[in-house]
Asker: 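Structure incoming, see below.
Note that ligands are numbered from 1 as they come in the structure, with each ligand's atoms numbered from 1 the same way.
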Amino acid sequence: MKKSHRFIFISILLCLTCLSALAASKSKGAANDAKSAAAKAKSEARAKAIKGRILAGEGLKLFAKKDYKGAIPKFAASAESDPRDPTVQYYLGISAIRSGDYRLAEQALSRVVVMSPPTSKYATNALKCFDNCRKEMNRVRPYSCIFEGSKFWRWSTQSRPVKVYISPGLQLPKGYSGADLNAEKISKLAVWLRDSNFIKGLKPYRHYREQYHGYVEKGLQEWSFASAEGIVRFTTVDDPTTANVLLFWCPTLPADAPGHTVVSEKKGEPVIIELAVEFIDKLPLNLWPTLVQTIAAHEFGHAWGLQHSDFKRDIMFPTDKIKFTERGTDQTGPNIVTPNDAATLRALYDLNAPILK
Ligand SMILES: [Zn+2]
């Protein structure tokens with residue numbers, strides 16, 4: 001190697017070393033920045049939580065002195081710093097009742113019920129308030145949206161309007177349909193469903209009838225108030241590759257359920273609804289419109305994040321407990337979305353849920 005060439009080679013080598021050192025120090029700097037930002041966010045959250053606890057303490061002191069009007073702003077500010085604390089929401093609701101502000105009471109106590117397991121002390125007591133002040137609180141009785149003990153979820157504002165695709169009888173592939181479909185399989189399906197060729201390859205289930213589509217649409221329309229009010233905006237789409245909620249069909253489901261909704265906890269992954277065609281088929285023909293509409297409305301309720309109600313007339317009453325008679329349901333079972341379903345949905349979308357889709 002000539003001297004000049006050796007010089008150039010060494011220079012390049014040095015430059016490369018410098019560049020990689022620079023890049024390393026840059027990435028180290030970026031990592032440090034991210035670390036300090038995370039630490040800052042953590043200390044801010046801690047300060048906010050402490051402030052919230054102080055405000056709640058001040059509120060409780062006023063509450064003990066029966067100064068309910070004075071306690072409300074303390075509890076309200078505390079609830080803002082930690083919206084998922086049912087204790088503060090509960091005391092806010094009770095203070096509101098004792099001050100005669102039933103609108104605020106309904107809001108706060110609905111949140112308590114929605115975010116707590118049904119058997120929790122605060123949820124049980126909040127429900128007693130709804131029973132005792134039925135007239136004042138619009139005769140509503142919300143229900144818990146908790147699943148697997150402590151989780152609840154809803155659509156984030158970025159994902160709205162939620163795009164709903166109602167398939168014309170299509171069945172998902174073997175291993176990903178009916179009893180085989182679970183939350184873990186959604187991740188794989190999520191990728192496939194973005195590919196139009198995958199959807200083109202799906203076949204309609206042989207006993208599916210075209211008129212079911214209209215009944216499902218009617219079930220979805222039962223939630224149109226939620227879209228109009230801006231609680232959870234949704235729209236139907238013809239292109240399944242862009243959809244957030246996809247409705248498919250399958251022969252049967254475990255425990256002879258008429259429908260099910262499968263939700264993964266990952267953001268951005270779709271929610272899958274399946275309706276069991278053979279369940280519909282075995283019932284008298286005149287029941288199909290009501291049946292499909294009711295089941296679809298119920299499953300769409302799950303797709304918004306609702307869980308089950310124990311009140312028979314609510315649309316979120318478990319569908320496997322409905323008795324179907326010649327006139328439709330037994331008239332004590334659910335037919336339509338009720339004010340309870342609406343109040344629960346409103347409270348759910350009022351909350352900062354731990355899982356956001
Ligand atoms: Zn259900």
Asker: Are any of the side-chain nitrogens in K48 or D82 under 4.0 Å away from the carboxylate oxygens of its partner?
Answerer: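 Result for this pair is no, no salt bridge flagged.
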Asker: So does S264 get a backbone contact from the side chain of K357, meaning a donor-acceptor N/O pair under 3.5 Å?
Answerer: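 Side chain of K357 to backbone of S264, a donor-acceptor pair under 3.5 Å: yes, one is there.
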Asker: With no hydrogens and no angle check, is any side-chain donor or acceptor of K185 less than 3.5 Å from a backbone partner on G175?
Answerer: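 It does hold such a pair.
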Asker: How many N, O or S atoms of the protein are nearer than 2.8 Å to the Zn ion (ligand 1)?
Answerer: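 Considering protein N, O and S only, the Zn ion (ligand 1) has 3 within range.
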Asker: Could you tell me whether F300 and W223 have their ring centroids closer than 6.0 angstrom?
Answerer: no
Asker: For a side chain to side chain donor-acceptor pair (under 3.5 Å) with H302, tell me which candidate from Q307, H308, H260 qualifies.
Answerer: H308
Asker: Could you pull out all residues at least two apart from K282 that satisfy salt bridge (Lys or Arg N to Asp or Glu O under 4.0 Å)?
Answerer: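 With sequence neighbours excluded, K282 shows a salt bridge (Lys or Arg N to Asp or Glu O under 4.0 Å) to D256, given in chain and number order.
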